[in-house]
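One structure is given below, encoded as C-alpha cells.
Every heavy atom of this structure was used, including side-chain atoms; hydrogens, water molecules and symmetry mates were not.
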Amino acid sequence: MRHPLESVPQDSRKRFFFTFLFLTVVLLAVFRVLDKPLQTSYAPSGIVSFELAGNAQSAAHMVYSWSPEAWLNASFGLGIDYLFMPVYAFALAFGTLLAAGKYTGWLRSLGAVAGYGAFAAAVFDAVENFALFQVLSGAFDSAYPSVAAICATIKFSLILLGLLYGLVGWAIPKK
C-alpha cells in the first residue's frame, strides 16, 4: 500500500512536515485561548467535553452553562477548526510518511494506513463540527450530539494512531 503523500519529493518532505507542524502548534495555541471560557462545571474540558457530550441533555447543559462570550468562542472555534483540519492532517500525514520511510513490509504499510487515517480524521472532524454547529443552534433533541460524539471518538482514535506511529517511527532506529 502506498502512502497518500508518497509522490511528494523526498527532499521536500521534512520541510513540509515542519511547516505544517508549526502551523498546527500555532492554531492549537489559538484554540487554548478560545477554550478557556468554555471550561465550566458542565464542560470541564471545554470544547472537547462538548464534542464528546453524546446526548441531548449533556450538550444542552454545556451550552447553557456558557456565557455569551463563550458561545461566540465555541462558534468561532468550530469555524476556524475547518482551517485547522487540513493543517493537522498534513502535519500528521507527513509525520507518518517520514516514519514509514524507515521501514519495509507491513510496518511501511501501517504507515500508509496511518497517513490515510490522518485525512480521514479531518473528514470525521468536519462532520463532527457540522453536528456541533446544529447543537449550538438549538438542535439539542436530535441525533446531532450522538453524531458529534461518534465522529469525535473516531477522529481522536485516528489521530492517536498517526501520533503513535510517527513517534514510534522516530524513536526506533532505521532498519
Using a 3.5 Å distance criterion without hydrogens, assess whether the side chain of [X] forms a donor-acceptor pair with backbone atoms of [Y].
X      : Y      : answer
Arg13  : Phe94  : no
Arg108 : Met1   : no
Tyr165 : Leu107 : yes

Flag the pair [X] / [Y] as yes when at least one side-chain heavy-atom distance between them is below 4.5 Å, and no otherwise.
X      : Y      : answer
Phe130 : Val127 : no
Asp125 : Glu128 : yes
Phe50  : Asp35  : no
Met62  : Thr40  : no
Met85  : Asn129 : yes

Please round to the nearest 0.5 Å and tell me the distance separating atom [atom1] of [X] and atom [atom2] of [Y].
X     : Y      : atom1 : atom2 : result
Leu5  : Tyr116 : CG    : OH    : 8.5 Å
Arg15 : Phe20  : CZ    : CZ    : 11.0 Å
Phe16 : Leu97  : CZ    : CG    : 11.5 Å
Thr96 : Leu110 : OG1   : CG    : 9.5 Å
Leu98 : His3   : CG    : NE2   : 8.5 Å
Lys36 : Arg32  : NZ    : CZ    : 6.5 Å

Take the angle between the ring planes of Tyr64 and Phe140 and call it parallel below 30°, perpendicular above 60°, tilted in between.
->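 Judged by the thresholds at 30° and 60°, the geometry between Tyr64 and Phe140 is tilted.
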Do the rings of Phe84 and Phe31 sit parallel, tilted or perpendicular, given the 30° and 60° boundaries?
->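 Perpendicular, since the angle between the ring planes exceeds 60°.
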So, for [X] and [Y], which heavy atoms are closest and what is the spacing to 0.1 Å?
X      : Y      : result
Ala89  : Ala122 : CB-CB, 4.1 Å
Gly54  : Ala149 : CA-CB, 3.6 Å
Pro86  : Tyr82  : CD-O, 3.2 Å
Leu38  : Trp66  : O-NE1, 2.9 Å
Ala100 : Gly111 : CB-CA, 4.0 Å
Glu69  : Pro37  : OE2-CG, 4.0 Å

For Leu158, which fellow cluster members are found when Ile, Leu, Val, Met, Phe, Trp and Tyr are connected by side-chain heavy-atom distances below 4.5 angstrom, either directly or through intermediates?
->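 Phe124, Ile150, Ile154, which link up through side-chain heavy atoms under 4.5 Å apart, make up the rest of the cluster.
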[X], [Y]: one ILVMFWY side-chain cluster at the under-4.5 Å cut-off?
X      : Y      : result
Tyr88  : Ile80  : yes
Leu28  : Val48  : yes
Leu27  : Leu92  : yes
Val25  : Leu167 : no
Val123 : Tyr144 : no

Enclosure of Asp141 CG (heavy-atom neighbours >12, cutoff 6.0 Å) |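 Incorrect, the count does not exceed 12.
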Return yes when atom OH of Tyr42 has more than 12 non-hydrogen atoms of other residues, nucleotides or ligands closer than 6.0 Å, and no otherwise.
->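 No, not enclosed.
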Walk me through it: do Phe18 and Leu21 pass the test side-chain contact (heavy atoms from CB on, under 4.5 Å)?
-> CA-CA 5 Å; Phe18 285 112; Leu21 181 62; 4.3 Å; yes
Decide if the gap between the ring center of Phe17 and the ring center of Phe90 is smaller than 6.0 angstrom.
->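 Centroid separation for Phe17 and Phe90: 6.0 Å or greater.
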